[in-house]
Amino acid sequence: MQQKHWALVTGAARRLGREISIALHQAGFNIFIHYNQSKTAADELANRLNHQRQNSAKTIHANFADEASLNAMLAKIRSKANINLLINNAACFKKTNLPTDSMRDWNHLFNTNVKSAFFITAALTKSLAATQGCVINIADIHGLRPYKGYAIYSMTKASLIMLTQALAQELAPKIRVNAIAPSTVLWPEADNALTAKQQTALKKTFLTGDVGTTENVIETIFFLIKNRFVNGEVIKVDGGRSLNSFTPFSFANEKT
């Protein structure tokens with residue numbers, strides 16, 4: 001990858017987003033590290049990457065649940081004419097239960113998980129088209145099969161999948177838009193011990209009997225970057241678990 005190319009990774013300070021940023025940087029990309037709450041982690045990552053290659057990483061803040069904050073970020077990135085890769089990774093993973101789900105929950109989850117991806121992509125279309133760049137949305141297998149107790153979250157991921165397919169049509173041929181739908185590659189941080197529920201989920205994974213890894217997702221990202229004849233696809237990275245009736249789990253970026 002040419003060093004002049006920049007990638008914007010949302011939710012990049014921690015967990016999966018952090019590992020994606022490190023891998024892209026190693027491949028030659030410069031990185032915009034988006035964060036919301038995790039400023040310390042974002043600064044640490046930027047310092048690490050800049051130590052390896054000077055001026056190769058910058059942090060950028062936005063709370064995607066807040067329209068003014070998102071708009072402020074959009075104003076900044078519109079001036080970045082050399083961004084040729086967008087990874088929409090940031091997400092909120094929150095349990096909601098009928099009939100107590102609130103409008104606030106709905107707006108927070110949809111703004112963070114879907115609205116941000118749409119408007120960031122729209123803001124970068126000129127830059128992405130100029131470099132024939134690509135967009136990769138990090139969806140979830142629960143956008144294909146819902147997770148009980150997480151109805152709104154599941155709907156946001158289904159919307160992200162539809163957004164992927166719609167924008168793949170709208171932005172072709174200059175910009176490709178694809179998605180990755182992982183199952184478990186990281187347990188939610190609150191689940192430190194392997195619970196009985198987690199063990200049940202692992203038994204449903206045909207290939208490995210274990211969780212996937214962040215590397216499985218990263219390998220798929222590089223496939224989608226390099227293969228210019230793939231557009232509008234949603235690639236499941238779940239060890240075959242979606243072929244069965246599974247107990248759901250997600251990698252969930254609780255904080256970005």
Side-chain angles (χ1 to χ4, degrees), residues 1-12 16-17 20-34 53 55-58 60 62 64 70-91 110-140 143-144 156-182 217-237:
M1 305 296 177
Q2 299 180 19
Q3 291 188 11
K4 67 180 181 179
H5 287 164
W6 283 80
L8 169 60
V9 183
T10 67
L16 180 63
I20 291 171
S21 299
I22 291 170
L24 290 173
H25 187 266
Q26 290 174 343
F29 278 97
N30 295 341
I31 310 294
F32 279 101
I33 301 165
H34 160 262
R53 191 167 70 245
N55 299 321
S56 62
K58 299 179 181 180
I60 188 165
F64 292 157
L70 173 60
N71 286 337
M73 175 177 162
L74 295 178
K76 292 178 182 178
I77 65 177
R78 283 191 183 99
S79 65
K80 308 301 180 182
N82 56 351
I83 293 178
N84 81 319
L85 174 63
L86 170 60
I87 309 288
N88 285 310
N89 166 71
F110 268 92
N111 287 347
T112 303
N113 297 2
V114 185
K115 181 179 179 180
S116 63
F118 178 87
F119 283 101
I120 293 170
T121 303
L124 288 176
T125 51
K126 183 177 180 180
S127 172
L128 291 165
T131 58
Q132 292 195 322
C134 67
V135 179
I136 300 173
N137 297 319
I138 305 299
D140 193 306
L144 300 167
T156 66
K157 290 301 184 176
S159 296
L160 188 61
I161 288 170
M162 181 54 67
L163 182 152
T164 299
Q165 296 170 337
L167 293 188
Q169 288 184 323
E170 297 280 346
L171 301 180
K174 292 186 177 180
I175 303 170
R176 294 179 300 111
V177 185
N178 292 288
I180 299 171
V217 176
I218 290 167
E219 288 170 353
T220 311
I221 287 173
F222 280 108
F223 165 76
L224 291 172
I225 292 171
K226 293 176 182 178
N227 194 321
R228 300 200 58 80
F229 205 58
V230 178
N231 189 35
E233 290 298 322
V234 180
I235 300 179
K236 293 181 288 185
V237 181

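Quantities reported herein were computed from a predicted structural model and do not represent experimental measurements. Hydrogens, waters and symmetry mates play no part in the numbers below; they use all other heavy atoms, side chains included.
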Between [X] and [Y], is there a donor-acceptor pair closer than 3.5 Å when you use the side chain of the first and the backbone of the second?
| X | Y | result |
| --- | --- | --- |
| S127 | L124 | no |
| N137 | A139 | no |
| T10 | A90 | yes |
| N82 | H5 | no |
| K58 | N30 | no |
| H34 | G11 | yes |

[X] versus [Y], closest heavy-atom pair with distance:
| X | Y | value |
| --- | --- | --- |
| L128 | L86 | CD2-N, 4.4 Å |
| I60 | L8 | CG2-CD1, 4.2 Å |
| G17 | N89 | CA-ND2, 3.4 Å |
| F119 | L74 | O-CD2, 3.6 Å |

Who are the side chain to side chain donor-acceptor pair (under 3.5 Å) partners of S56, not counting sequence neighbours? H25
Qualifying residues under side chain to side chain donor-acceptor pair (under 3.5 Å), relative to T156, sequence neighbours excluded: N113
Validation row: N88, I136 side chains within 4.5 angstrom (heavy atoms): no
Run the ring pair (Phe, Tyr, Trp, His ring centres under 6.0 Å) test on W6 and F32 for me, step by step, so that the C-alpha distance in whole Å, both residues' side-chain angles and the decisive distance to 0.1 Å come before the verdict. CA-CA 7 Å; W6 283 80; F32 279 101; 4.6 Å; yes
Mind checking side chain to side chain contact (heavy atoms under 4.5 Å, CB included) for N178 and listing every partner two or more places apart, or none if nothing turns up? R176, L224, V230, E233
